[in-house]
Structures are given as C-alpha cells and as structure tokens.
Amino acid sequence: MTAARLLLDTLRFQGAPPPERLAAAWAEADVRGLPELIAFEGCASWSYRRLRQIGALDRIDTGLADWLSGKAREETARNMLIESEAEALARVFRRLDVPAVFMKGVARRLTVDRYPMADARVTNDVDVLVPAGRAREVWYELRQMGYERTTPSGPPRPEHHHLPALWNERHVGVEIHTTHARSISPAESWRRHYEQGFEVERGGLRYRVPAATELFWSGTAHGLRHPDIAFLLVLLLDAAAIWASGATVDWGEIARRLDAKEIQDGRAAAAWLGAAAGLAGVSVPPELEGRVVPYDLGRELELRLAVLRRVPVPARWRKMLAWWTSEQARQAS
C-alpha cells in the first residue's frame, strides 16, 4: 500500500482495514513528503487524532509525529479562539433578543457529539445567520462594542450575502449573514437553517445550529465554490463526517437542489460526492442515483504526493497542482 492510500485508509470513517493492520503498515511506511501532503490537504489535526486512535502515533517516523503534534496544537489554539468568539456573540444575541443560527465550522464544533471528527479541522471565522431585517442592527451593535472591519479599505458590497466582516482584539472574523448564498432568498435561507434547525447548550448558553441536511449541503456547496480545486480532504471532511454519522439527511431534498443547479457544475458535484461517499465509507442512497459517480481519491493523493516528494510547490502553484491531479483522477475514475 502506498503512503497516500495508507493515509486515506487511516482517515476513512468506515470500511477501512482493522486498526492493528493500519498501525503495522504505518511502522513500515515511507513517509517522505507526507508532511507536505497533509499540509496541502489541510488534515493535520484529523491525521493526528486518527493515528492516535489506532495506536500508530508512536510507531511512525518521529519527525512526522512531532510535526503532527505541533500542528494539532496550533489548530486547537485557533479553534479555542473561535469558540470564545462564538460564546461572546451568543451573549450579544441574547441581550439584543435576536434569533440567530451559527453555521459552518462553529456549527460542526457545537455538534461534534453527533458528527464525530466533524471538528477535526481549523475553523477560520464565525458565520451567523440572522433575520435580514435585524442584520444591520446587530452589525452596528458590534461596531459600537469595538469591532472593526477586517478589510477597512475594501468597498462595501450591498449585493453580498453577508455584511462586511468584523473582528475585535481576538482577530476572529465575524460574518453576519442575511442568507447563506446569494442565489437563495433570505426567507428561504432562514426557513432552511433556523426553522428546521435545533438548539444545543454549551456552558449555560444555547446555540441554534442547522439540521444535518443543511450542514451536509452547506459543506458540499462550500466545497464546490471553486470546482477545479475542490477535491481536498479538508473540504470533503465536512460532508463525509455527517454522511458517516448515520444522521438523518433528507436525500430527496439534496437531489432536488442538485437538479435545480444550486451547484452549477453538476459534473464536479457528482464526482465530489462520490469522493465524499468513499471517504465516509458509505453507500450512496437511492435518491442520489445517477447524481453521484465513483471517484478514485487515492489516485489523486498518490499523484500529489509524487509531485510534493520531488519538487517544492510554491503557494502560487498549488491551485494548479490541485486542478491537475483532480483532472487525472477524474479520467481514471
């Protein structure tokens, strides 16, 4: 087994080889280039946690183990800042009596008991959906509390689906949304996220989060914003963790949105969902028949690792590498 496929099998949610077999394989693995690949894929914390779970962390190359441990600490520290910001915002919404839905990364962190490993990645900011009629009230309240625009030189974008991002001394971006996507009306977005969502309690505070269907869909749609570079493990995690959890997802509704072209590139969506299903280790539900195709994600990881072992890839070329390896894997699938 190649190191790239060993990594993929280690991260797979279901259907992977037994832990003892994986651990034995890691003891013999050629890990050259793996730190570069793991960094490229954005899966350092995920890899660290899985290697620890299967008892392989003390059997792998010490340099790789130390690097993963350091990256996991860095990402944990960042996520703790995100959680502090979400808590502060929840208190503001309670004081203002404004209903709100915490979306995306924060929602995954708040529901990790339902979707194991959904939080095994860095969350960069806090996305909150509020009623469109109260969005500016919330935004200006935060400004009065000392929050500043993250990009003060950028012009306002009135047509955008969230108000200009803010932050305070924590330097965690806060985006106040009126909808989750420009193509979806605020009323429909509110129905999907708030009315069909549910509450969780953390530290004496209550947070509204989307249901599994919306978390799955937002992970898919967000991952496919740029289809040419969508096949990264960090993006696939968002859908795979929910898929593997066995949570109730309205697959008929997912099919309807695919048919309605809420994701424009249907070909990329079919392959991406095939990759997510393979990573989750689940069968595609009948409702998605004809809308999902198998995808050899292992082949893509092998190609990336082969390149990263041979040449340093500057940041400006990484999108090109992601696109080229995806094209090769699609042809092979």
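Using a cut-off of 4.0 Å between Lys/Arg side-chain N and Asp/Glu carboxylate O, Arg21 and Asp9 are scored as not salt-bridged. Using a cut-off of 4.0 Å between Lys/Arg side-chain N and Asp/Glu carboxylate O, Asp259 and Arg291 are scored as salt-bridged. Under 4.0 Å is where a charged nitrogen must lie from a carboxylate oxygen, and between Arg108 and Asp238 at least one such pair does. Note on Asp250 versus Arg257: no salt bridge recorded, every NZ/NE/NH1/NH2 to OD/OE distance being 4.0 Å or above.
Here CZ of Arg94 is found 9.5 Å from OH of Tyr207. Values are rounded to the nearest 0.5 Å.
Closest approach of Ala244 and Gln14 over heavy atoms only: O-NE2, 2.8 Å. Minimum interatomic distance between Asp30 and Ala3 (heavy atoms only, all atoms of both residues): O-CB, 3.3 Å. Smallest separation of non-hydrogen atoms from Ala4 and Leu305: N-CD2, 3.9 Å. Taking both residues in full, the closest heavy atoms of Trp46 and Leu279 are given as CH2-CD2, 3.5 Å, listed atom of the first, atom of the second, then distance. Here the shortest heavy-atom pairing between Ala240 and Ala280 reads O-CB, 3.5 Å. Across all their heavy atoms, Arg59 and Ala23 have their closest contact at NH1-CB, 3.8 Å.
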*Would Leu308 and Leu321 satisfy side-chain contact (heavy atoms from CB on, under 4.5 Å), going step by step from the backbone distance to the final call?*
CA-CA 10 Å; Leu308 291 167; Leu321 176 59; 4.2 Å; yes

*So Glu262 and Arg256, side-chain contact (heavy atoms from CB on, under 4.5 Å) or not? Walk me through it.*
CA-CA 9 Å; Glu262 288 192 21; Arg256 187 195 69 76; 3.9 Å; yes

*Would you check, one step at a time, whether the test side-chain contact (heavy atoms from CB on, under 4.5 Å) holds for Val128 with Phe93?*
CA-CA 10 Å; Val128 189; Phe93 297 136; 3.5 Å; yes

*Please lay out, stage by stage, how Arg309 and Glu36 fare under the test side-chain contact (heavy atoms from CB on, under 4.5 Å).*
CA-CA 8 Å; Arg309 278 177 170 173; Glu36 290 79 9; over 6 Å; no

_Between Asp61 and Arg32, does the salt bridge (Lys or Arg N to Asp or Glu O under 4.0 Å) criterion hold? Intermediate values first, please._
CA-CA 10 Å; Asp61 173 81; Arg32 290 177 300 118; over 6 Å; no

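A heavy-atom distance below 4.5 Å is not found between the side chains of Val101 and Glu214. Here the side chains of Glu300 and Tyr295 are in contact, with some heavy-atom distance below 4.5 Å. Contact annotation: the side chain of Val200 never approaches that of Phe102 to less than 4.5 Å [non-hydrogen atoms, C-beta and beyond]. Here the side chains of His180 and Leu129 are not in contact, with every heavy-atom distance at 4.5 Å or above. The closest side-chain heavy-atom distance from Leu233 to Leu301 is below 4.5 Å. Contact check for His222 versus Met103: no side-chain heavy atoms found under the 4.5 Å cut-off. Side-chain contact between Glu83 and Arg202: absent, with no pair of heavy atoms (C-beta onward) separated by less than 4.5 Å.
Around CZ of Arg95, the count of heavy atoms belonging to other residues, nucleotides or ligands within 6.0 Å exceeds 12. Within 6.0 Å of CD in Glu199 there are more than 12 heavy atoms belonging to other residues, nucleotides or ligands. Within 6.0 Å of atom CG in Asp97, 12 or fewer heavy atoms from other residues, nucleotides or ligands are found, so the atom counts as exposed in its surroundings. Environment of CD in Glu148: sparse, with no more than 12 heavy atoms of neighbouring residues, nucleotides or ligands closer than 6.0 Å. Heavy-atom contacts from other residues, nucleotides or ligands closer than 6.0 Å to CE of Met145 number more than 12. Atom CD of Glu28 sits in a sparse spot, with 12 or fewer heavy atoms from other residues, nucleotides or ligands closer than 6.0 Å. When the shell of 6.0 Å around CZ of Arg299 is examined, it contains 12 or fewer heavy atoms from other residues, nucleotides or ligands.
Using a distance-only test at 3.5 Å, with no hydrogens or angles considered, no donor-acceptor pair links the side chain of Thr123 to the main chain of Val106.
Note: the hydrophobic cluster containing Leu236 also contains Val282 (ILVMFWY, side chain heavy atoms under 4.5 Å, direct or indirect links). Put simply, Ile38 and Val311 are part of the same group of oily side chains (I, L, V, M, F, W, Y) that touch within less than 4.5 Å, one to the next. Under the 4.5 Å side-chain heavy-atom criterion for grouping Ile, Leu, Val, Met, Phe, Trp and Tyr, Met117 is connected to Tyr48 within one hydrophobic cluster.
Evaluation of the side-chain hydrogen bond (donor to acceptor under 3.5 Å, both in side chains) rule for Asn168 yields Tyr147 as partners, not counting sequence neighbours. In this structure Pro116 satisfies the side-chain contact (heavy atoms from CB on, under 4.5 Å) test together with Ser245, sequence neighbours excluded. The side-chain hydrogen bond (donor to acceptor under 3.5 Å, both in side chains) test applied to Arg191 returns Glu188, not counting sequence neighbours.
A donor atom on one side chain and an acceptor atom on the other are not found under 3.5 Å apart for Ser45 and Arg49. Of the N and O atoms on the side chains of Arg304 and Thr325, at least one donor lies less than 3.5 Å from an acceptor on the other residue. Residues Glu253 and Thr213 have side chains that never bring a donor and an acceptor to within less than 3.5 angstrom of each other. Side-chain N/O atoms of His162 and Asp127 include no donor and acceptor closer than 3.5 Å.
At least one test fails for Arg318 against the ring of Phe40: distance under 6.0 Å to the centre or angle within 45° of the axis.
The one candidate from Phe216, Phe13, Tyr115 that meets the ring-ring contact (aromatic ring centres under 6.0 Å, His included) condition with Trp243 is Phe216.
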